[in-house]
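Scroll down for the structure; my scribbles are underneath it.
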Amino acid sequence: MSDVVNPIKYEKGVCLVLNQLLLPTETEYRVRSNVKEMYIAIKDMELRGAPLIGISAAYGLYFAARDAKCQEFDGWIKEVEKEGEYLISSRPTAVNLEWAVKHMIKFAYSLKSRTLQEIVKEMEKEAVKIHFEDGEICKQIGVNALELIKPNMTLLTHCNAGILATSRYGTATSVMYVAKERGIPLKIFADETRPYLQGARLTAYELFASGLDVTLNCDNMAGFLMSQGKIDLVITGADRIAANGDTANKIGTLSLAILCKHFNIPFYIAAPISTIDIATPTGKEIVIEERSSLEVTHWYGKQIAPTGIKVYNPAFDVTPSDLIHGIITEKGIIRPKYVKNIAKIFK
Ligand code: MRU
């Protein structure tokens, strides 16, 4: 069910990355086999979505470890750490990137007594493990979300928090795939997600290809859909969740959460525990990526706004935790009061 698309494959020292810039009309895998190539794939959004960025960063760090020149541990780990910083600089908001890099470096330190060749081999296995476990974690998120679902409900989601943003199942979409596997009928609306159109190009694509009942809507239609009683539940993903539950996700998520409050519709976030950044106390401290004005002024290469117009293009917004009914994770649904309930998980 959740294997209709596969955003990243790994074999013998090489990643094949599905070039998401060409979806939904073309399927092209690109070879990414060193840290620089992985940096470019993340920065240029060939691959995107917080968990997938984390998986790719883990492979990127393995490539850096394998290709580092120094032959003794202290010099070698310095080289690897430098490449880790380089990878982290590719995109600022998704915490899974930093999480994966730090995890791989800590893992390398834990093997310090072994030969460099052995450490590199183990790092390769660790990256593969992160990749595999992400699929398991995502499936569990879907299973845990089943308690929110009744047959024939209509869900709305924003951006792509699907298979294409993870390794399998997705986060926000996981319950949709799990419901389908269990024969529970659901209807789904997918926001197109301006300006980068992840909803239209990716979410609509993968749900449709998987045989789910999905309808595409423009972002500015969500309020009207809700006013017509057409939406029962909203679930989105997350790029970084602060220790108090404030959540950074694709631009437009905040507006949806506010609409949900107005129309009394439950609003949930679905994300792995690795998306929670316990070191960031509130959403105010989350760095929001600003992207090129061309994403707003141009449409597939065609200019659609006046030459020289001022543009503001933040890629994410922050939804305050008091608008969030729950955070669906692989360990269960975290409910308010978030400061206390998130801290419990990290004890
Ligand atoms: O800029 P992107 O495409 O990397 O952003 C992805 C998102 O914001 C998604 O909404 C998603 O929820 C986070 S990853 C599951």
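Residue numbers start at 1 and run along the sequence shown. In listed order, ligands and their atoms are each counted from 1.
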**Q.** Atom-level proximity to ligand 1, residues with heavy atom under 4.0 Å
**A.** Met45, Arg48, Gly49, Ala50, Pro51, Arg91, Cys159, Asn160, Ala161, Ala165, Thr171, Gln198, Gly237, Ala238, Asp239, Asn249, Lys250, Phe316
**Q.** Inter- and intrachain pairs under ring pair (Phe, Tyr, Trp, His ring centres under 6.0 Å), touching residues 117-156, at least two apart
**A.** Tyr59-His131
**Q.** NZ or CZ of Lys230 within 45° of Phe189 ring axis and under 6.0 Å
**A.** no
Q.
Does atom CD (Gln117) have a neighbourhood of more than 12 heavy atoms from anything else shown, all under 6.0 Å?
A. no
Q) Parallel, tilted or perpendicular: which fits the ring planes of Phe73 and Trp76, with parallel below 30° and perpendicular above 60°? A) tilted
Q. Within 45° of the axis and under 6.0 Å from the centre of the six-membered ring of Tyr196, does NZ or CZ of Arg201 qualify?
A. yes
Q) For Asn249 and Asp317, what are the C-alpha separation, side-chain angles and deciding distance, and is it a side-chain hydrogen bond (donor to acceptor under 3.5 Å, both in side chains)? A) CA-CA 6 Å; Asn249 192 50; Asp317 57 29; over 6 Å; no
